[in-house]
2 protein chains.
Amino acid sequence: MELEFVSRFKTGELSVDRGATIFLEGNHNPHLYTVLMGWAFRYKLLPDGRRQIVNYALPGDLVGLQGSLMGEMQHSVEALTPVILCVFEREKLETLYRNHPDLAFDVTWLAAQQEQMLDENLLSVGRRSALERAAYVLAFLWSRASTVAPKHGRFELPVTQRHLADTLGLSLVHTNKTIAKLVERRLVRWNGGCEVLDLESLQKIAKWSGMPDVQRPLV
Amino acid sequence: MELEFVSRFKTGELSVDRGATIFLEGNHNPHLYTVLMGWAFRYKLLPDGRRQIVNYALPGDLVGLQGSLMGEMQHSVEALTPVILCVFEREKLETLYRNHPDLAFDVTWLAAQQEQMLDENLLSVGRRSALERAAYVLAFLWSRASTVAPKHGRFELPVTQRHLADTLGLSLVHTNKTIAKLVERRLVRWNGGCEVLDLESLQKIAKWSGMPDVQRPLV
DNA sequence: CGTAGGATTGACCCGACTCAAGTTAAGTGG
DNA sequence: CCACTTAACTTGAGTCGGGTCAATCCTACG
């Protein structure tokens, strides 16, 4: 019955290519998406082009909630891999809150979880050294990826070093040198993508205890 | 009728002194608060003591939502001034979602707004220079303060340079030298607190266009 | 008068940035 | 199949923004 509503709530699917812009800062957009497949990233720009990647969106994540709630988007979103999105209409969000309190609760839950991730990220960028930071982001992304990736069988993070640099708040060159250190220590492997070999050591370097694993709602 | 519920939902008030810890990272706490008066700040620590202040809570802000939704607190909260909190019980949150969809909507709205602030902060710490960053935080805090402070009549931000340093992700010494530059330029005044004299110039330095002013819900 | 939290200042150092070449690998069109 | 392009990654040299260390000062307060 819930699922039935979710599908009525849904108005369509949208596929976008790698590199495509899903949302652009400053735009109004009547849609709200859920990622069904692929990776995207949220970022903000300064007028001179400096870019900060603020978080990544994986399958199950909501994209564009802020725009739906407060009108104008305050950040942009770009597809990191080919992405399939489930499209909702902003107006129906009210209906959802009125008729499906449990789903509304889940939406809030997702927003609060985003906040947690941002907090940890801010700690990282503000207070961790380059090596700690790199270790943190890779451990973080790997953990998130693991929740949606095949249980066994290898996979890679679909990021370039430019993405990492802009996530870490470091220059591209220094990011490269920092990752090289992690590769030397055999904690990760880099082949046009990143494979984490030793998650625990990364966490230890980053002084990070991992993500609290609570069961997430489906939405 | 809504207000009536809000007051039934409320279970009490709590006053805490400046410097008191309201939440401690890792704890479970059955309460959820709204700030009625005063300032608090949210922060995270690394095991060796490095601290990152992640955001500030002013009157009208929710404190402890994450703990309510996901169990364990992932950050700490400390009173920056004497603070009066309105106490809610975690369990009643469900009731609120079930019976007051509009209030539930407001809670989500607040969470999304937090997220926006964190995004901008992350941009700041990751990509802005020391001077830009300092200008940004002061402009940001001043804007927020203005929404709850007396319309005319002077006031000051109740922060020390240590707080700013931990917000900016800079050392205390460098923060001091950076603020000194802003004082020289007569953009702010420092007297054991900070008074902003020229908000626009700060925003310009920070390349920040200010907070989108939308009407916030009461809650 | 002594103490303590906060602010300030100067000297020195280092982590991260910039600049400037490379190298590699994957297209793409002739 | 090969020349050309382009995105991504590497590497080294030199510089600089911001960090650390160490005083010192100021003021409120007991």
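Just the heavy atoms: all of them, side chains too, but no hydrogens, waters or symmetry mates, feed the values below.
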Among the nucleotides C:dA20, D:dG19, C:dG10, whichever has the atom closest to the side chain of B:L170 is D:dG19
Between A:F41 and A:S76, does the side-chain contact (heavy atoms from CB on, under 4.5 Å) criterion hold? Intermediate values first, please. CA-CA 8 Å; A:F41 62 94; A:S76 307; over 6 Å; no
Would you mind telling me which of C:dT18, C:dC17, D:dA8 lies closest to the side-chain atoms of A:R18? D:dA8
Between B:K177 and A:R128, which is nearer to the 5' end of DNA chain C once each is assigned its nearest nucleotide? B:K177
With a 4.0 Å cut-off on N to O distance, would you call A:E120 and A:R128 a salt bridge? yes
With a non-hydrogen cut-off below 4.0 angstrom, is B:S129 in contact with a base, only sugar-phosphate, or nothing? sugar-phosphate
A:W190, nearest nucleotide to its side chain (from C:dA7, C:dA20, D:dC9): D:dC9
So what does B:L172 hit on the nucleic acid, given a heavy-atom distance under 4.0 Å: a base, only sugar-phosphate, or nothing? nothing
Using the ring of each side chain (for Trp, its six-membered ring), is A:F140 parallel, tilted or perpendicular to A:Y136, with breaks at 30° and 60°? parallel
Here the distance between atom C1' of C:dG6 and atom CG of B:L164, to the nearest Å, is 13 Å
Grab the CG-C1' distance between A:L157 and D:dC9 for me, whole Å please. 17 Å
Could you check how far CG of B:L168 sits from P of D:dG17, rounded to whole Å? 18 Å
Under the side-chain contact (heavy atoms from CB on, under 4.5 Å) criterion, do A:H163 and A:R51 qualify, and how do the steps go? CA-CA 9 Å; A:H163 293 122; A:R51 179 175 75 168; 3.8 Å; yes
Starting at atom CG of B:N191, determine the distance to atom C1' of D:dC26, rounded to an integer number of angstrom. 13 Å
When you match A:R133 and A:V173 each to their closest nucleotide on DNA chain C, which lands nearer the 5' end? A:R133
How many whole angstroms separate atom CG of A:L80 from atom P of D:dA7? 17 Å
Any salt bridge between B:R127 and A:D48, counting N to O under 4.0 Å? no
Between A:H174 (NE2) and D:dT10 (P), how many Å, whole number? 15 Å
Starting at atom CG of B:N176, determine the distance to atom C1' of C:dG6, rounded to an integer number of angstrom. 10 Å
Starting at CD of A:E184 and ending at C1' of D:dT10, how long is that distance when rounded to a whole Å? 13 Å
So what does A:T160 hit on the nucleic acid, given a heavy-atom distance under 4.0 Å: a base, only sugar-phosphate, or nothing? sugar-phosphate
According to a strict under-4.0 Å criterion, is A:Q161 in side-chain N/O contact with OP1 or OP2 of D:dT10? yes
